[in-house]
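By convention in this document, chain letters (A, B, ...) are assigned in the order of the sequence lines, proteins followed by strands, and residues within each chain are numbered from 1. Bear in mind that the values here come from a model prediction, so they are computed numbers and not experimental data.
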Protein chains: 4
Amino acid sequence: MSHNQETSLEQLFMNDDSLTEKQKKILAAAIESFSEKGYAATSTNAIAKKAGVAEGTIFRHYKTKKELLLSITAPMMAKMIAPFVIMDINKVLEHDYDHLEDFLRAMVKNRMEFIKKNAAMVKILLQEIPFHPDLREQFIENIGKKVFGRFVELVKYYQDKGDIIDMEPSSVVRLIAASLIGYVGAHQLMSGSPGWNSEKELENSIHYIMHGLKKG
Amino acid sequence: MSHNQETSLEQLFMNDDSLTEKQKKILAAAIESFSEKGYAATSTNAIAKKAGVAEGTIFRHYKTKKELLLSITAPMMAKMIAPFVIMDINKVLEHDYDHLEDFLRAMVKNRMEFIKKNAAMVKILLQEIPFHPDLREQFIENIGKKVFGRFVELVKYYQDKGDIIDMEPSSVVRLIAASLIGYVGAHQLMSGSPGWNSEKELENSIHYIMHGLKKG
Amino acid sequence: MSHNQETSLEQLFMNDDSLTEKQKKILAAAIESFSEKGYAATSTNAIAKKAGVAEGTIFRHYKTKKELLLSITAPMMAKMIAPFVIMDINKVLEHDYDHLEDFLRAMVKNRMEFIKKNAAMVKILLQEIPFHPDLREQFIENIGKKVFGRFVELVKYYQDKGDIIDMEPSSVVRLIAASLIGYVGAHQLMSGSPGWNSEKELENSIHYIMHGLKKG
Amino acid sequence: MSHNQETSLEQLFMNDDSLTEKQKKILAAAIESFSEKGYAATSTNAIAKKAGVAEGTIFRHYKTKKELLLSITAPMMAKMIAPFVIMDINKVLEHDYDHLEDFLRAMVKNRMEFIKKNAAMVKILLQEIPFHPDLREQFIENIGKKVFGRFVELVKYYQDKGDIIDMEPSSVVRLIAASLIGYVGAHQLMSGSPGWNSEKELENSIHYIMHGLKKG
DNA sequence: TATGAATGAGGGTTCATTCAT
DNA sequence: TATGAATGAACCCTCATTCAT
């Protein structure tokens, strides 16, 4: 859960040697189009044109348009949850973060970083989940089961320590998530407008989360 | 901000005498389809079939498919913000709710009621906002400017009374909103699954909001 | 074949007591639309709107769109050939016009007058003839047989008198017609532009016709 | 302005290597349909069927139905005026045709040849001009400005020589054009009927033109 | 007589996908 | 591997016409 630089997912695509040059262009074009106009409203023809590639080329690499979407969202989810999947909870808890606040702040900053770097892809994921049952299942499986589970353990630990409220751990996790997603949403909506101070809002959000979960 | 029964928007459509019987069926079918598969992935032909109506009939009443969407979302937004637009802030504050907690709880319940009754339409609104600049503008204009402004006033009042934290009022409002929207989203995602207790989750959310905003 | 004022066909419609007020508006709207955009490209809906009438009203008076077209073109043709049908050739020839030139000039002026007054309707007739076999037949029957026949008689008379060339009478008639229609076409195309002097062009056309038909 | 064989425009399309086999079939089908029923009354579906091609194929090659029309009429106009654009007036006048009659006869025959070979396409052009402002402008620009200008020069030359009447050169050109177009129109209308002798009518037309323009 | 809601066939066009090159 | 022509189903929408009011 450190602050070290991760490369963005899109950059990962670009450095993947198993991908053709054209394939990379297709992915980049698809990401931009899907995030702007949505999956259903983006035509493969439009993607091909934006990628500077023949329409057939898309289908040489991805059997269907849907598969192209999944080739974006699947690694997206994998990377999204990676830090949680690999983290050794015991080590994390005992050595890295004495206080919950510290852990939450670190996590928030880290994932916020990830989200900022992969804004378009996160946008696609969130936008398309309502319309694709398989995407939703995949999401629930990954985020809901794996990550959620890990967080629940974490929350329980801090609850046992008496640091935070004795609410259902799953609820606690959901509340945190909502606050963070809300922050990102506001950032997408407001970013650039004069009244929006992204850093300060982040701090406010963290403060809100912390106090919302305080014991008593 | 009372708990009195409001009729759902869809019922309002159904009781609107200026609408043909067929028109009502079209609206109902469109609401169902749009909320399930999204605007772009719903064909006018599918709507017509679901409504038991000729496809041409749709276009007699709504010049375009987009206009049909807006005829759903526009009154949706109006009703959504209605309680805030008409509420007399001074009266509200001085007589109805001595404590912020009471007001928030009442408001949450009231709007939660509205959202539950109009789940499909709210879903449409939230789902389509990313894809329709005009919808987004309309939303910002209504929710962002009108409602937000009113809430900011309210928050300032309670801040002056010393009840809640001295954070930017706009941030406070955003944080509350995120938590509530997060609750609804979870409800949509989880409703029906065994682990989900909607009532309790609502209480948890309110508790979280209250403490998140506590002074000090 | 005198120069007396005839009312235009459209005015005739307007004064016809057997026509409803609405019906007159429909005819006027149809004439304008058909002449501007053509029969096939004009919708009954557009006609109804331009006439300020419900779409159903059109079909109360005219069973089909085609019938509406014919209700314009049929009287058009009747009026177009009326002077020729009623004229008493012998009288005309022996008393009215000693010289062919005089007759032609009078006829040209008279029909030109008619065409000017009914520009839109003539335009419709000429435009639609290529697309409607029945219109074409009707046209051939009326203009081709009746009028043509009369003109052929006339031409023969002047040929017997030795005034004009001994070409096939039918060819003579066709040549005159082409020159006159050419004049009207040019008028439609050029009218209003600075270089176009309608009166002078008409005189040129007549001169051209006369000399084109001169003996020897 | 020689009588050498030109290939018809449609044959040119058929020998154009830049066109797909299907594209040629589409063009042939469109030419036939447009000339018979008119542009507005011809459906792309009908063209596709007649061409033995999927409807989508049409739109792969021509973005819109209108573009398909223009892809027929534009080269049509180019070829129509080509002989006039490339002719060296001085050479023509001094060496080829001592008398105006000879030039006119040659030109008439040459263009008549072209028109006969491209009857369908000429028909389309003339039929659609009233309904398409852009076509009309294009026509005026090409025929009206370029060709007309050249003819005016020619006419002036012969007027200076004293061969023909001292009428406005532009009127002279118009009168000739009307007579020729009239001939073609009659040919379209009458061709096949027993009384129509195309060759003789052409000679009559030329004679009529010549005498119509005689001095004095 | 006049309306305008309703129809469903058909309009032009776009779509994701296939396949010969 | 990459192309782009070809497909035909499906898209949104318009059409002429009908009919209950």
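Figure legend: cation-pi geometry between C/K37 and D/F131 absent, as NZ or CZ is not positioned both under 6.0 Å from the six-membered ring centre and within 45° of its axis.
Remark: P of E/dA2 and CG of C/L19 are 11 Å apart, rounded to the nearest angstrom. Across the protein-nucleic acid pair, D/Q23 atom CD and F/dA6 atom P stand 8 Å apart, rounded to whole Å. Counting to the nearest Å, the C1' atom of E/dA16 and the CD atom of A/E67 are 14 Å from each other. Going from atom NZ of C/K25 over to atom P of E/dA2 covers 10 Å, rounded to whole Å. Put simply, CD1 on B/I58 is 12 Å from P on F/dC11, counting in whole angstrom units. Atom CG of A/N45 is separated from atom C1' of E/dA16 by 10 Å (rounded to the nearest Å). One atom, CG of B/L68, and another, P of F/dC11, lie 15 Å apart when rounded to the nearest Å. Taking atom CD of C/E21 as the reference point, atom P of E/dT1 lies 15 Å away to the nearest angstrom.
Looking at heavy-atom distances under 4.0 Å, D/E55 makes contact with a base. Across all strands, C/S43 comes closer than 4.0 Å only to sugar-phosphate atoms, never to a base (heavy-atom distances).
Mapping D/T64 and C/G56 onto DNA chain E by nearest heavy atom places C/G56 at the nucleotide closer to the 5' end. Where A/A54 and B/K65 meet DNA chain F, the nucleotide closest to each residue was compared, and A/A54 sits on the side nearer the 5' end. A residue-by-residue look at A/G52 and B/Y39 shows that A/G52 has its nearest nucleotide of DNA chain F further toward the 5' end.
Between C/K22 and the phosphate of E/dT3, there is a side-chain N or O to OP1/OP2 separation shorter than 4.0 Å. Between B/H61 and E/dA6 there is a side-chain polar atom (N or O) within less than 4.0 angstrom of OP1 or OP2. D/T57 has no side-chain polar atom (N or O) that falls below the 4.0 Å cut-off from OP1 or OP2 of F/dA5. Between A/R60 and F/dT1 there is a side-chain N or O to OP1 or OP2 distance below 4.0 Å.
The existence of a salt bridge linking C/D16 and C/K24 is excluded, since no basic side-chain nitrogen approaches an acidic carboxylate oxygen closer than 4.0 Å.
Applying the 6.0 Å contact sphere to NZ of C/K49 captures no more than 12 heavy atoms from other residues, nucleotides or ligands. Summarising the local packing, NZ of A/K25 is surrounded by 12 or fewer heavy atoms from other residues, nucleotides or ligands at distances under 6.0 Å.
Using a 4.5 Å heavy-atom cutoff, the side chains of A/M77 and A/L125 are in contact. Contact annotation: the side chain of B/Y39 approaches that of B/K65 to within less than 4.5 Å [non-hydrogen atoms, C-beta and beyond]. Two residues are said to be in side-chain contact when any heavy atoms from C-beta on lie closer than 4.5 Å; B/I26 and B/Y62 meet this criterion.
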Inset, instruction - Determine which bases of DNA chain F form Watson-Crick or G-U wobble pairs with both distances under 3.5 Å, and write the result as a 5' to 3' dot-bracket string with | for other-strand partners. - result: .||||||||||||||||||||
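Between the side chain of C/S33 and the backbone N or O of C/A30 there is no donor-acceptor pair closer than 3.5 Å.
The side chain of A/T20 sits closest to F/dT1 out of F/dC12, F/dA6, F/dT1.
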